[in-house]
Amino acid sequence: MSESSHFITMKGTNNGIVVYLDDQCSFNSLLKELEEKLQINQASGKTEITLHSQNRYLNEDQRHAIENTIDQYSELTVKSIDSYVITRDEAYDIYENTTVKTVMKTIRSGQIHEVKGDALVIGDVNPGGTVIATGNIFVLGKLRGIAHAGFDGDEGCVVAASYMHPNQIRIASKISRAPDYDVEGSPREFAFVNQSTEQIELEQLQHIQKIRPKLLDVFERGL
Amino acid sequence: MGESIVITSGKGGVGKTTTTANIGTALALLGQKVCLIDTDIGLRNLDVVLGLENRIIFNLIDVIEGRCKLQSALVKDKRFDCLHLLPAAQTSDKNEVTPKAISKLVDELKPDYDYILIDCPAGIEQGYKNAVAGADKAIVISTPEKSSVRDADRIIGLLEQEGLEFAPYLVINRIRKHMMDSGDMLTVDEIVSTLSIELLGIILDDEDVIRASHHGEPVAFQPNTKASISYRNIARRILGESVPLMSFDNDEGIMTKVKKLLGMK
Ligand SMILES: Nc1ncnc2c1ncn2[C@@H]1O[C@H](COP(=O)(O)OP(=O)(O)OP(=O)(O)O)[C@@H](O)[C@H]1O
Ligand SMILES: [Mg+2]
């Protein structure tokens, strides 16, 4: 079995232990060597490792097979599986979810404007109108309808508007609605989920950097 | 070649028919050749407001289904030779009409008129689609009530999808000055800012309007009531004149003002 021993190499890095998986051999031999190595070493203690499949694309089943093997023969936990490659679909998805989609119009009552990624609306969102985005929502105008940011579940997203007077704001699965009494809107505000109260809160726009410093780091999202 | 304008609102009962009759009358007063089409099949009203009910022989459905010629279905107004009405059918249902049929009909009328005004039924279904099909331009009617503005907004959205050459125009009807002042109704500015389309005119909530319709004689025909001036101003704006909005700051008619100036009571 010595000829297969270089299918798997280990490296200590700043981010802990990274286990590189050879990308030329067949997946079965890779899995087999992994199993043997784990059996021999019997690494004790709960260590976290990162796997790196290099230029091999691992599909869902293969990932599970690797994780199961590690689970079965060791106490190691897999923090994540990295790779140099992704499928075109995944790449397209990431692209879609990390770009800003701009429209220049009034979103009127009954209209639903839905985008992947961030939505930038140059115009008003009227009462009864809806904007939905998987990312953030920015309204360069009056937001008086419904805005749903982080539609796929990202609570880190925000809704910002030049004038904030919404029917409803939703971020991921959180909902906040306007009170039942008449309220005035306010200029330049944004809405976000406060992690400690687990509720949507409004804050003046100048505080957005403090509250969401990584807002524009789009690769924090969608990956 | 005439221009066709649909008068629509989404919400029912906000004054589409009244406005169609009055703008039509005001345009006729200004010497324009005008044809009014009632597309509210099954609920025809425009003939009543114009006092022409008794003169109807054929209707729009008769024309579309080829039972009569277009010319013989047109009813001439009692007051103006240049104002004609194509009445709706009272008995048929609106699903017998298609957008194509209406737009063909409007095209047929265009060479003979300066303006063709299409009175649209309430709602956003078949009837609305029929009415809009033949239109070059649109006038959206809203009252200063929130629900009416919502529906107007919805209609404007739909009209934008129709791809009309011109953005719709807005007429705000049934304004009650004191309720706007006390914050119990939306103000003109709020409505215009929400709908963000060009304001063509504003009409007071006025008993004169109801009275005139009751007698089958549109108020626009009267010489100098506030309502008739408002409608005539709208007609002038349609013709391209720039006419400032009338101020509602006092409720006095012109005569009262003149009398005051002269020290009379
Ligand atoms: N400016 C006004 N002041 C007072 N009453 C008005 C005014 N405009 C319309 N009305 C009244 O409101 C009622 C509804 O008007 P109208 O029939 O023109 O509305 P509509 O939008 O055509 O209705 P529908 O949707 O049923 O076709 C009528 O009784 C009319 O007399
Ligand atoms: Mg009507």
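Because the structure is predicted, anything quoted here is derived from the model rather than measured. Quick note on labels: first sequence line is chain A, next is B, and so on, each numbered from 1.
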Expected output: side-chain Arg108(A) to main-chain Ile155(B) donor-acceptor under 3.5 Å: no
Nearest heavy-atom neighbours spanning Ser193(B) and Lys142(A): OG-NZ, 3.2 Å
Nearest heavy atoms of Ser109(A) and Arg154(B), plus distance in Å: O-CD, 3.2 Å
Just wondering, more than 12 heavy atoms not from [X] lying within 6.0 Å of its [atom1]?
X: Arg212(A); atom1: CZ; answer: yes
X: Tyr57(A); atom1: OH; answer: yes
X: Asn59(A); atom1: CG; answer: yes
X: Gln206(A); atom1: CD; answer: yes
X: Met104(A); atom1: CE; answer: no
X: Glu201(A); atom1: CD; answer: yes

Region of Ile124(B) that comes under 4.5 Å of a non-hydrogen atom in chain A: neither
Ile156(B), Val149(B), Thr194(B) screened by side-chain contact (heavy atoms from CB on, under 4.5 Å) with Asn126(A), the one that passes: Thr194(B)
Top of Gly128(A), Gly129(A), Gly110(A) for chain B proximity - count of heavy-atom pairs under 4.5 angstrom: Gly110(A)
NZ/NE/NH1/NH2 to OD/OE distance under 4.0 Å, Lys105(A) and Glu160(B): no
Interatomic spacing from CG in Asp153(B) to CZ in Arg144(A) - rounded to 0.5 Å: 9.0 Å
